[in-house]
Structure formats: structure tokens, C-alpha cells
Amino acid sequence: MRTLIAPGRHRAGYWVALGATTLVLTAVFVLPLVWVVLSAMKPAAELARVPPTVLPRTWVPQTYAEAWQLMDLGRYFLNTVVVAVGAWAVQLAVDVPAAYALSRLKPVLGRGILAMMLLTLMLPAAVLLLPTYLTIADLGLINSPAAIWLPAAANAFNIYLLKRFFDQLPRELLEAARIDGASQLTLLWRVVLPLSRPILAVVSIFAVVAAWKDFLWPLLVFPDPARQTLSVALQRFAPDTPVNVLLAALVLASAPMVALFLLFQRHVLAGLTTGAVKG
């Protein structure tokens with residue numbers, strides 16, 4: 001493997017360049033998060049000071065408790081969890097069998113079907129808003145979590161990821177299970193899914209994060225404030241909420257997704273790199 005600075009001849013320069021690059025990338029991604037967390041613990045007057053302070057001169061950690069109580073975040077957390085978990089379950093129930101069928105059952109025109117699925121990724125999301133909304137309204141699903149679950153069920157990108165992973169599974173193992181009398185459903189449930197934990201973790205992270213942070217679609221299908229998700233509720237509270245309290249609410253809303261990624265980061269990286277290097 002070649003790099004700009006070869007580790008063999010210029011070992012010191014290689015490690016300096018690697019360390020500097022790592023520090024810069026870490027700072028770019030981590031410092032904004034640290035700034036938001038610390039700014040939420042500043043009084044509103046200090047937060048508006050120019051030049052800004054790095055560390056709070058007056059620590060107000062109770063801002064987080066104030067944000068939780070003032071905005072009734074517990075209700076919106078529950079709404080968002082219901083939406084995200086349901087979207088995750090529906091996506092797995094639809095995408096996994098679809099990807100397995102395209103990978104192992106080899107249906108007629110399977111490549112064409114996959115190509116048409118991938119073509120939907122080229123469409124702007126705004127183009128699909130009106131027909132999807134009219135369909136959901138005709139079904140009477142406005143203010144129902146199903147208005148989020150059903151449109152998210154068939155995800156072309158997740159189906160493509162799953163299919164690529166299923167293509168890498170050893171054919172001999174699947175043939176042996178089939179010779180032992182396993183049906184396609186048994187093969188999928190008892191052989192394929194246990195081997196697919198890394199890619200299932202990747203798809204799960206994508207599904208949950210997409211449902212958790214989505215704003216425009218929940219804004220349309222949840223006109224009732226009591227049923228809104230966190231992203232919509234925070235936008236509604238923003239004009240009349242002190243900045244430090246709003247930042248604290250944003251930190252609380254983001255914390256579950258950060259924790260989820262840190263918890264499953266090994267599985268996510270394994271799923272993304274599987275099949276990238278051929279042995």
C-alpha cells in the first residue's frame with residue numbers, strides 16, 4: 001500500500017503526518033460537540049458575550065434539567081423512540097427478505113429490479129413528499145406513527161447493502177443447509193441472519209438515525225403537538241426559549257444517537273468493510 005509519505009523510509013515524518021491528520025480530523029468533529037455541551041452550561045448573558053468564552057465562567061449545569069422540564073422532553077423522547085423503533089423493525093422486516101431474494105433466489109429480472117430501486121435514490125426527497133402525503137392522508141394515518149413506518153419500509157440503499165453482504169456468504173454453507181432439508185425461510189432465519197450481524201448493525205444504525213433526526217416528514221404528518229417528535233418539537237419551542245436552554249435540549253436530543261453509535265461502532269465498521277478487501 002502506497003502513501004504520500006512512505007513509513008519505511010521516512011518513519012518519523014510518516015508518524016508526524018499521521019498524528020497531525022488525526023488531531024485535525026478529531027478537532028473538526030469533536031470540538032463542535034464539546035462547544036455545544038459547554039455552552040449549554042453558560043448563562044444566556046455569557047453565551048451572547050463577544051468575544052465568546054471557551055469555558056463557562058459561571059457554571060449552570062441545571063440548564064439541562066430546566067430544558068427537560070420546560071419543554072416536556074420526556075413526552076417527545078417517547079414519541080421519537082416509538083417512531084424510530086417502529087421504522088427500524090419495519091425496515092428490517094421488508095429489506096432483509098427483499099435483499100435475500102435478490103441475492104440468493106435470483107428472481108427473473110432481478111438485476112433490473114435492483115437497478116430501478118437504486119434509481120429512486122437519484123430522486124430528490126421533495127419530489128416524493130406530495131404523493132406520499134396524499135397516500136397517507138387517504139389511508140387516515142395522519143398523527144399515527146404508521147405514517148413514518150410505512151414510507152420508510154422499503155429503503156433502496158439498505159437493500160443494496162444487505163444484498164452485497166449476502167453475496168459474500170459462503171455458497172457451500174448454504175448448500176449444505178439446503179441438503180439437510182432447510183427451507184428458504186429456515187435458511188434465512190437460522191443461517192443467514194446469525195452470520196449477518198455486522199451488516200444488520202449498520203442497517204439498524206442508519207434506520208434509527210434517519211427516523212430520529214428526520215424533520216420535514218414528521219412536521220407534515222404530525223400536526224398534533226402532543227404526537228410530534230423531538231426534531232419538530234425543538235423547532236416549535238426555539239423562538240421562545242433561551243439559547244442556553246435550547247442548546248441543552250439539543251444535547252439531550254443528540255445523546256442517544258451518539259451513545260448508540262459508540263455502543264455498536266465495532267459492528268458498524270465491520271459491516272462497512274466486509275467484502276472491501278478480497279482475500
Side-chain angles (χ1 to χ4, degrees), residues 32-49 52 56 60-91 124-153 155 205-261:
L33 299 178
V34 174
W35 181 86
V36 172
V37 172
L38 294 178
S39 296
M41 291 185 282
K42 298 177 183 179
E46 182 180 346
L47 192 59
R49 181 176 301 172
V60 191
Q62 61 268 26
T63 306
Y64 289 97
E66 182 181 353
W68 185 273
Q69 296 174 358
L70 179 64
M71 301 184 185
D72 194 14
L73 291 184
R75 169 187 296 179
Y76 301 111
F77 260 100
L78 180 59
N79 293 346
T80 310
V81 168
V82 170
V83 165
V85 172
W88 164 76
V90 171
Q91 281 193 44
V127 174
L128 303 175
L129 282 178
L130 180 59
T132 306
Y133 180 83
L134 292 177
T135 302
I136 293 298
D138 288 342
L139 294 174
L141 297 178
I142 299 297
N143 283 322
S144 170
I148 305 291
W149 301 343
L150 296 182
N155 187 293
I205 291 291
F206 287 166
V208 172
V209 171
W212 190 275
K213 70 182 182 64
D214 194 15
F215 169 74
L216 183 56
W217 185 242
L219 177 66
L220 294 175
V221 299
F222 289 137
D224 184 1
R227 296 181 177 273
Q228 290 175 346
T229 58
L230 274 170
S231 59
V232 179
L234 291 177
Q235 182 273 340
R236 181 164 53 85
F237 282 113
D240 303 318
T241 304
V243 177
N244 58 337
V245 176
L246 182 62
L247 290 176
L250 292 173
V251 172
L252 293 174
S254 304
M257 294 299 99
V258 175
L260 185 66
F261 176 78

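The backbone N or O of P43 lies less than 3.5 Å from no partner atom in the side chain of N244, so there is not a single donor-acceptor pair. Here the side chain of S231 pairs a donor or acceptor atom with the backbone of D214 at under 3.5 angstrom. Using a distance-only test at 3.5 Å, with no hydrogens or angles considered, no donor-acceptor pair links the side chain of T63 to the main chain of A248.
Here the closest non-hydrogen pair linking M71 and F237 is O-CE1, 3.6 Å. Nearest approach of Y64 to A40, heavy atoms of both residues: OH-CB, 3.5 Å. In terms of heavy-atom proximity, P256 sits nearest to W212 at CG-CZ2, 3.8 Å. Listed here is the closest heavy atom pair of Q91 and A152: CG-O, 2.8 Å. Heavy-atom minimum distance, W88 versus A207: CA-CB, 4.2 Å.
Atom CZ in F206 sits 9.5 Å away from atom CG in N155 (nearest 0.5 Å). One finds the CG atom of L246 at 11.0 Å from the CG atom of D240 (value rounded to the nearest 0.5 Å). Once rounded to the nearest 0.5 Å, the distance linking CG of L247 with OG1 of T241 reads 11.0 Å. Rounding to the nearest 0.5 Å gives a distance of 11.0 Å between CD of Q69 and CD of Q62. Atoms CZ and CG, from F215 and L220 in turn, are 9.0 Å apart once rounded to the nearest 0.5 Å. Rounded to the nearest 0.5 angstrom, Y76 OH and L252 CG are separated by 15.0 Å.
Side-chain contact between F261 and V208 is absent, with no heavy atoms from C-beta onward closer than 4.5 Å. Side chains of K213 and M257 form no contact here, defined as non-hydrogen atoms less than 4.5 Å apart. Here the side chains of P151 and I136 are in contact, with some heavy-atom distance below 4.5 Å. Contact check for F222 versus N79: no side-chain heavy atoms found under the 4.5 Å cut-off.
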Side chains of residues 137-147: which donor-acceptor partners sit under 3.5 Å, not counting sequence neighbours?
residue, atom, partner, partner atom, Å
N143, OD1, D224, N, 3.1
S144, OG, A146, N, 3.2

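With sequence neighbours excluded, the residues satisfying salt bridge (charged side-chain N to carboxylate O under 4.0 Å, His left out) with R75 are D72.
For CH2 of W217, the number of neighbouring non-hydrogen atoms (other residues, nucleotides, ligands) closer than 6.0 Å is greater than 12. Remark: Y133 OH is loosely packed, at most 12 non-hydrogen atoms of other residues, nucleotides or ligands lying under 6.0 Å away.
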